[in-house]
Protein chains: 2
Amino acid sequence: MTRWLSDDERRAWRGYLDMNTQLSAQLHRQLQADSGLSLADFDVLVQLTDRAEPRMRVGELADALQWEKSRLSHHLARMNKRGLIAREDCPDDARSVFIVLTAKGKQAIEQAAPAHVDTVRDLVFDHLSAEEVAALAAISARVLGRLGRAGPEVAQ
Amino acid sequence: MTRWLSDDERRAWRGYLDMNTQLSAQLHRQLQADSGLSLADFDVLVQLTDRAEPRMRVGELADALQWEKSRLSHHLARMNKRGLIAREDCPDDARSVFIVLTAKGKQAIEQAAPAHVDTVRDLVFDHLSAEEVAALAAISARVLGRLGRAGPEVAQ
DNA sequence: CCAAGGTAGGTGACATGTCAACCATTCCGG
DNA sequence: CCGGAATGGTTGACATGTCACCTACCTTGG
């Protein structure tokens with residue numbers, strides 16, 4: 001017997017879905033207009049930036065981003081073509097490939113990041129109380145906990 | 001001068017992004033596996049179901065879904081090919097087209113909805129307190145309020 | 001040492017989304 | 001009533017994602 005959602009739940013769910021859609025659309029527009037990067041590009045570049053070793057194997061990237069390797073492979077090919085990243089042979093393992101940030105990629109992420117953060121503040125955090133920020137973190141943690149435990153299976 | 005996010009904000013933001021990614025992936029997998037529908041298909045079918053008049057013009061649908069008309073047009077073409085919806089001429093305006101649910105489409109949404117709701121409960125609402133549900137609704141409302149006011153412009 | 005299986009990554013075909021340009025119609029000022 | 005602008009919707013080219021499969025290389029039991 002399926003229980004439908006309560007009114008409050010339905011309201012929250014609809015709000016969440018709409019927020020998602022519009023927020024990511026808006027963040028994408030801003031980033032694209034401001035720096036020519038997509039959100040996906042940005043995420044890749046962030047991974048390559050926030051670490052001591054400037055090189056990263058493709059598999060590491062895939063793990064960090066939680067992307068399918070096929071998606072990543074296609075995306076890296078495009079970013080490579082645009083000169084944002086480059087490939088290097090991996091001496092330890094000839095199957096593997098190092099991905100490195102090019103000067104252009106480094107410049108792109110460094111130029112894009114501040115405006116992106118400003119936008120996130122402007123659209124989200126400037127309007128939330130400390131309690132709401134905490135609630136958002138708690139909610140995410142709960143749901144992610146469930147998703148992690150659940151794996152790819154489906155509600156009974 | 002750009003302010004970066006506080007630790008709490010960063011935690012909340014990362015959690016939100018990860019939750020989004022994984023939650024929508026999981027919901028999509030469930031729906032696809034269970035009924036052969038994508039989330040997009042589901043949203044279209046819901047719009048066509050939840051209303052007195054079973055017919056809807058393409059533009060109405062686009063407004064209700066907040067989709068670009070081009071996206072909707074392509075998607076309707078695919079759903080039409082799969083027999084989920086059909087087109088009817090609009091007598092009032094020869095440019096316009098009515099979209100109607102076919103028997104197959106009706107059956108698909110009616111079969112898919114209960115399991116989808118179960119999954120949403122299982123992955124989300126079963127793990128949240130009433131306060132958290134309220135907080136999620138409040139947060140969405142705030143952010144959507146800002147997005148609505150802002151339109152397509154960008155942080156200062 | 002070698003064959004079988006696992007691992008890293010790439011490819012091609014196809015689904016979906018976006019952008020811009022394009023009919024066909026309807027509307028409207030003169 | 002007419003010519004141009006607005007409207008409703010579609011189309012084609014292209015960007016991105018997914019799935020299934022492929023290749024090359026490593027690893028390991030015998």
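Values reported hereafter were calculated over all heavy atoms of this structure, with side chains retained and with hydrogens, waters and symmetry mates removed. Residue numbers start from 1 in every chain, and the chains themselves are labelled A, B, ... in the order their sequence lines are given, proteins ahead of strands.
Sequence order on DNA chain C of the closest nucleotides to L72(A) and R78(B) puts L72(A) first from the 5' end.
Nucleotides of DNA chain D lying under 4.0 Å from heavy atoms of chain A occupy a range whose first and last members, 5' to 3', are dT16(D) to dC26(D).
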Q | Per-nucleotide protein contact string for nucleotides 18-27 of chain C (B base, S sugar-phosphate only, - none; heavy atom under 4.0 Å) | A | BBB---BBS-
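The environment of CG in D50(B) is crowded: more than 12 heavy-atom neighbours from other residues, nucleotides or ligands sit within 6.0 Å.
Classification of D126(B) and R146(A) as a salt-bridged pair fails, no side-chain N sitting under 4.0 Å from a carboxylate O. Looking at R11(A) and D8(A), a side-chain N of the basic residue comes within less than 4.0 Å of a carboxylate O on the acidic one, giving a salt bridge.
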Q: Determine, step by step, whether H75(B) and S38(B) satisfy the side chain to side chain contact (heavy atoms under 4.5 Å, CB included) criterion, reporting the C-alpha distance in whole Å, the side-chain angles of both residues, the deciding distance to 0.1 Å, and the verdict.
A: CA-CA 11 Å; H75(B) 204 92; S38(B) 67; 4.2 Å; yes
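In this structure, CD1 in I99(A) is found 12.0 Å from CG in L84(A), a value given to the nearest 0.5 Å. Note that the CE atom of M79(A) and the CG atom of L72(A) stand 9.5 Å from one another [nearest 0.5 Å].
No donor-acceptor contact under 3.5 angstrom links the side chains of Q32(A) and R29(A), judged on distance only.
Contacts of S96(A) with the nucleic acid, taken as non-hydrogen atoms under 4.0 Å apart, involve only primed sugar atoms and P, OP1 or OP2. When heavy atoms are screened at a 4.0 angstrom cut-off, R87(B) is found touching the sugar-phosphate backbone but no base atom.
One atom, CG of L61(A), and another, P of dG10(C), lie 11 Å apart when rounded to the nearest Å.
Here the side chain of T102(A) pairs no donor or acceptor atom with the backbone of A86(A) at under 3.5 angstrom.
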